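All values below were derived from every heavy atom in this structure, side-chain atoms included, with hydrogens, water molecules and symmetry-related copies excluded. Quick caveat: nothing in here was measured; it's all calculated off a predicted structure. Proteins come first, then strands; the chains are lettered A, B, ... in the order of their sequence lines, and each starts at number 1.
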Amino acid sequence: MSLVLDCRIVSHHKVALDCRRLVLATPEVAAVARPGQFLHVRCNGTADPLLRRPFSIHDVDRERGLVTLLYRVVGRGTALLATRRKRQKVNVLGPLGRGFQVPLECRRVVLVGGGMGIAPLFFLVRELAVDLTRAIWVLHGARTAGELNFVNFGALPVHLRVATDDGSLGFRGSVVGLFKELAPEVQPDWVSAAGPTGMLRALGQEMRRLGLPGEFSLEERMGCGIGACVCCSCRIGSPENWNYQRVCADGPVFPAGEVVWE
Amino acid sequence: MSLVLDCRIVSHHKVALDCRRLVLATPEVAAVARPGQFLHVRCNGTADPLLRRPFSIHDVDRERGLVTLLYRVVGRGTALLATRRKRQKVNVLGPLGRGFQVPLECRRVVLVGGGMGIAPLFFLVRELAVDLTRAIWVLHGARTAGELNFVNFGALPVHLRVATDDGSLGFRGSVVGLFKELAPEVQPDWVSAAGPTGMLRALGQEMRRLGLPGEFSLEERMGCGIGACVCCSCRIGSPENWNYQRVCADGPVFPAGEVVWE
Amino acid sequence: MSAATAVEIAGIKMKNPVMTASGTVGFGEEYARYLDLSSLGALVIKTITLKPRAGNPPPRIAETPAGVLNAVGLQNPGVEALVREVLPRLACYDVPVVVSIAGETVDEYARLAARLDGVPGIAALEVNISCPNVKAGGIAFGTQPDMAAEVVQDVKRNTGLPVIAKLSPNVTDIRAIARAAAGAGADALSLINTLTGMAIDVDRRRPLLGNISGGLSGPAIRPVAVRAVWQVYQAVNLPLVGMGGIMTARDALEFILAGARAVAVGTANLVNPGAAGEVIAGLARYLEEQGIADINELVGAAHRGGGGSRC
Amino acid sequence: MSAATAVEIAGIKMKNPVMTASGTVGFGEEYARYLDLSSLGALVIKTITLKPRAGNPPPRIAETPAGVLNAVGLQNPGVEALVREVLPRLACYDVPVVVSIAGETVDEYARLAARLDGVPGIAALEVNISCPNVKAGGIAFGTQPDMAAEVVQDVKRNTGLPVIAKLSPNVTDIRAIARAAAGAGADALSLINTLTGMAIDVDRRRPLLGNISGGLSGPAIRPVAVRAVWQVYQAVNLPLVGMGGIMTARDALEFILAGARAVAVGTANLVNPGAAGEVIAGLARYLEEQGIADINELVGAAHRGGGGSRC
Ligand SMILES: Cc1cc2nc3c(=O)[nH]c(=O)nc-3n(C[C@H](O)[C@H](O)[C@H](O)COP(=O)(O)OP(=O)(O)OC[C@H]3O[C@@H](n4cnc5c(N)ncnc54)[C@H](O)[C@@H]3O)c2cc1C
Ligand SMILES: Cc1cc2nc3c(=O)[nH]c(=O)nc-3n(C[C@H](O)[C@H](O)[C@H](O)COP(=O)(O)OP(=O)(O)OC[C@H]3O[C@@H](n4cnc5c(N)ncnc54)[C@H](O)[C@@H]3O)c2cc1C
Ligand SMILES: Cc1cc2nc3c(=O)[nH]c(=O)nc-3n(C[C@H](O)[C@H](O)[C@H](O)COP(=O)(O)O)c2cc1C
Ligand SMILES: Cc1cc2nc3c(=O)[nH]c(=O)nc-3n(C[C@H](O)[C@H](O)[C@H](O)COP(=O)(O)O)c2cc1C
Ligand code: FES
Ligand code: FES
């Protein structure tokens, strides 16, 4: 079940250069949202920009009926969203999409987030961490240290490792490089990842090499967000035999081994 | 000289149902603006709505560098403008146009404002009232009493008369009806007026009948506001021999006797 | 209220003049949770072809000022899947279902019409002769009067259903195409389909869409669409379905006053899945406020200089 | 910086590729206080006709989503006033002046060209064959290849000045018109003029514009304009001036990458009288940031798949 709702802004803060954390009061969404799902957000009410913008659900507070988004200001839509203030309303559609599905039998789970890909992984960690017998690693990559410090995994029972392109914090290099370094030691049996296409593609190659199963959250430009317009296609299957599936409705999370890169 | 400026909002208040008073900090405009001139205002920064909106200058505080607009929320542009808050900026172009020009020798001046037509007349009163030997009447018409009380002529040496369509305050009927009633007693030698087309047309007829000179502030949909696109045409001359003139640059104030109604 | 809004197009009795524009609500079901499908005047489902089509490579959609470029490429499961799976499911809604068809040859159109003839649950066929993404020998059927007429004629020959021809705005004179379609027996005309457009991704220095060009829709094209309805209303004596950038009841009224007997909501569905319902409610409210007993009185009223006065 | 942005169109040497679009800055002077006219690549002034024209009844402008409809009706003081009053005053700016001309018959175009031949202070003629508001026998010259060719040919015969033909987007195939104009000797092509559109005033139940229909411009039409430039770039080997909804340097780059050697800023001037200057500055900044020595390298680059990589 998903809804179109005018949600009150509970808080809206800059958490890093260009990054905002937006907390919305929406008990309806909070009650049913699953990690990996997204909200389709109207950034303002005019015809320009016209389309909604998809953002992963970053966190949910079921008791207080709150849903948090974490987003980077990259273009016009997000710039307009960033001007919205506490107590104003934002129109959202959601929760949408098919989220992460970490198999119960997997006990050593690695979550890999590149850049804003970390947003949905936080909510996923919260859900996975309910089962304390599972070991969880979070690998978070960013260009530089300043882009890492706004997601606070501190209170959660996870092993957090960070990578920065400029080496200003943690591993110097890409988060896939970090994954390669850690994999032999960690011996994961499942990988859930979100981030830029280039990162996911490289991670997929590495996972294939290691014979590791997992799932990727994909991004594509969207129209409706609800599966009707077939604008958000990605190729799913094998390189020889794939078909177009809808990121918004069949995904955004797909089995890692079935994503066929363009 | 007119300018394109980002002006800080000093205050922005609802003064009646649907009416707002917007005070902008703009010493550059305040220094040179004349009654009857207007500002061409961008209501928001996106492409929808695209065009600027013209608003008469309602008041000027030269010392503090402030310019006041008085506007009614009628459509999308004004609705968006109404959402702007104190300390935000509004982009304006102006002051534009040729304002009122009450001849010095006219000593009994009647100003007639229909609806929001009162906006520029306030600034005109301020200017005229500097010469205390001149007698000034202001006739203000509106649909109902609630639409009258937001312009405070109290401190100014004018004779204020009001008309309401519903008779809830002052004369019952149109402001032109009020004018007809008062004219014999007042014996004006000049009329400056602003308001809806229908009102100006009727007033013009009455003035012609009485052989009274004067001037009207016209409204037309505008593009550039600076005289280049020739989109804001009105007919000026005589019914037999008129040409198109530009409301924004040749007006908005034209000799009453030369306005040819479509 | 509902009586006042009822209209009839090509023999299809509709509760109100509001249809969905083909391709923007899929086969309707995804929208059922946001919109009471039975409240629609008619449901026009996405264009179907003889064989399943995979569609174009992504990106398939780009946002432009007050508009959207799409290059879906008529992805659809083919007519057999439609008949087998989709239509039976739609039967549970109390709404006329209009099936949009397209082919790469005249023969494909004719075969589609024949295949759908007699299939239960279809109120009419909409013949999509205008989709800019289908390269049938290079130019679209809908851009040449003779080709447009041929398609419509062959579809008519192969079906007992009412036939609505959907026109393309990418032509020098849309009246000529309208006359050709009318002459070939079309029972109604839909206008307009998308304008051909494109966007360049400045960062990549490449066309943004996977298909290079796409179809422009949304509020940006409304003035072009209203003009097309206005012109065609004067040129042919057929009921018109107007569409192009309708977001609100007021937008719909522009089309109705210009001569459209019905309207379709397209891109607005992508922005607001309840849009069509809001347009329906808004039209009913307008009739009530204005004291108009029958919406048909408004059809083409702007040509007659009727109502309101210039002030 | 200025060297990097210099381009040449039809023999006109321009400091940068940014021109004004005809009709949107009048004869330039009203803009002189907001914009350093000498900083422009070229100043294209409003279309001039043989005799003065009074133009259309108001309203002449309507706002549409991300766009503007105008129906000015080519109001202008006529060619004699241009030569006598306007051109001498423009001589004090260091900018190539392009004079746009239009007529109701081929002969009028020819006579305008002859009259302007040898007049000092003119860098080129732009032949407006596409204005949708001029009803020359009902259809616009720019919608028929043969008529377009005839006009261009007769203008060329009567002038030594470079001739830029300005194309209309209201056609089935703009490449055909472009080829016709090129064949007739045009030295460059401007594209696009406005799309024909209209708006209905729902309150009055009448067309909003005094002229009923008008020309649609602004960001709304940019995708149509970029597509036109892309198509014509592949079809003819002439320098192109791209326009339609350019508000920023990034918009201008879309046109340049699609194949335009120069661009024109139109409706943006109405919104922001400094717009052209901002586009010029933005292009220079882009070249610097990207380390591009010559803007000509970018012309049509999106066809070559050059620069940037898909990621
Ligand atoms: C399922 C999903 C989840 C996402 N979650 C997040 C998140 O949690 N935090 C976050 O910061 N970003 C997230 N994104 C990316 C986010 O949607 C874009 O950054 C945003 O749409 C950019 O809008 P804009 O107007 O600022 O940029 P513009 O570049 O001006 O947008 C122009 C158009 O491109 C589209 N677009 C731009 N970037 C992307 C992108 N990466 N993916 C899809 N469409 C894009 C926009 O939606 C719009 O239609 C997610 C994307 C998807 C598909
Ligand atoms: C010289 C001049 C001075 C004005 N001064 C004032 C003033 O002091 N206070 C005030 O409340 N209003 C004033 N107006 C009217 C004001 O410009 C319009 O009310 C406003 O533009 C409406 O914008 P909107 O987007 O809310 O309405 P919409 O109806 O959504 O506007 C759509 C389009 O119509 C145009 N438009 C709508 N109404 C008018 C109108 N009456 N005249 C010209 N164009 C119009 C808009 O500019 C816009 O292009 C003045 C108009 C002119 C020409
Ligand atoms: C995503 C999308 C897909 C479309 N698919 C089709 C289609 O399959 N068949 C068709 O005839 N029109 C299709 N159209 C065109 C619409 O039906 C409609 O004619 C056009 O978009 C103008 O209306 P609008 O501005 O309200 O969207 C599509 C439009 C969009 C935006
Ligand atoms: C108010 C206005 C007046 C115009 N007048 C002319 C004209 O006289 N001659 C002409 O060739 N084009 C004229 N145009 C069209 C523009 O030159 C330009 O081709 C078109 O508007 C597209 O560019 P834009 O979207 O940047 O405005 C006019 C456009 C506008 C908005
Ligand atoms: S965005 Fe419409 S199907 Fe995914
Ligand atoms: S608005 Fe452009 S000339 Fe008046």
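Within the structure, salt bridge (Lys or Arg N to Asp or Glu O under 4.0 Å) contacts touching residues 211-221 of chain C (residues at least two apart or in different chains) do not occur.
Rounded to the nearest 0.5 angstrom, D:Leu257 CG and C:Arg204 CZ are separated by 11.5 Å. Distance CG/C:Asp251 to CD1/D:Ile200: 12.0 Å, rounded to 0.5 Å. Rounded to the nearest 0.5 angstrom, C:Ile221 CD1 and D:Ile221 CD1 are separated by 13.5 Å. Distance CG/C:Leu253 to CG/D:Asp203: 10.0 Å, rounded to 0.5 Å.
Of the two parts of C:Ile212, only the side chain, counted from C-beta on, holds a non-hydrogen atom closer than 4.5 Å to a non-hydrogen atom of chain D. Contacts of C:Gln231 with chain D are absent, with no heavy-atom separation under 4.5 Å from either backbone or side chain. Contacts between C:Phe255 and chain D at a heavy-atom distance below 4.5 Å are absent for every atom of the residue. Within the 4.5 angstrom heavy-atom criterion, only side-chain atoms of C:Leu298, from C-beta onward, approach chain D.
Taking all atoms of both residues into account, the shortest heavy-atom contact from C:Thr196 to D:Arg227 is O-NE, 2.9 Å. Summarising the geometry of D:Arg222 relative to C:Pro65, their closest heavy-atom pair is NH2-CG, 3.4 Å, with the distance given to 0.1 Å. C:Ala302 approaches D:Pro207 most closely through the heavy-atom pair O-CD, 3.7 Å.
Ranked by heavy-atom pairs under 4.5 Å with chain D, the first of C:Val226, C:Val202, C:Ile174, C:Val224 is C:Val202. Contact tally against chain D (heavy-atom pairs below 4.5 Å) for C:Met247, C:Glu254, C:Gln144, C:Met198: the top residue is C:Met198.
A search for salt bridge (Lys or Arg N to Asp or Glu O under 4.0 Å) contacts involving D:Glu63 returns B:Arg53, not counting sequence neighbours.
C:Arg205 places no side-chain N or O within 3.5 Å of a backbone atom of D:Ala301 that could act as its donor or acceptor partner. With hydrogens and angles ignored, the 3.5 Å screen pairs a side-chain donor or acceptor of D:Thr172 with a backbone N or O of C:Thr172. Side-chain atoms of C:Thr64 never come within 3.5 Å of backbone atoms of D:Pro223 as a donor-acceptor pair (strictly under, hydrogens ignored).
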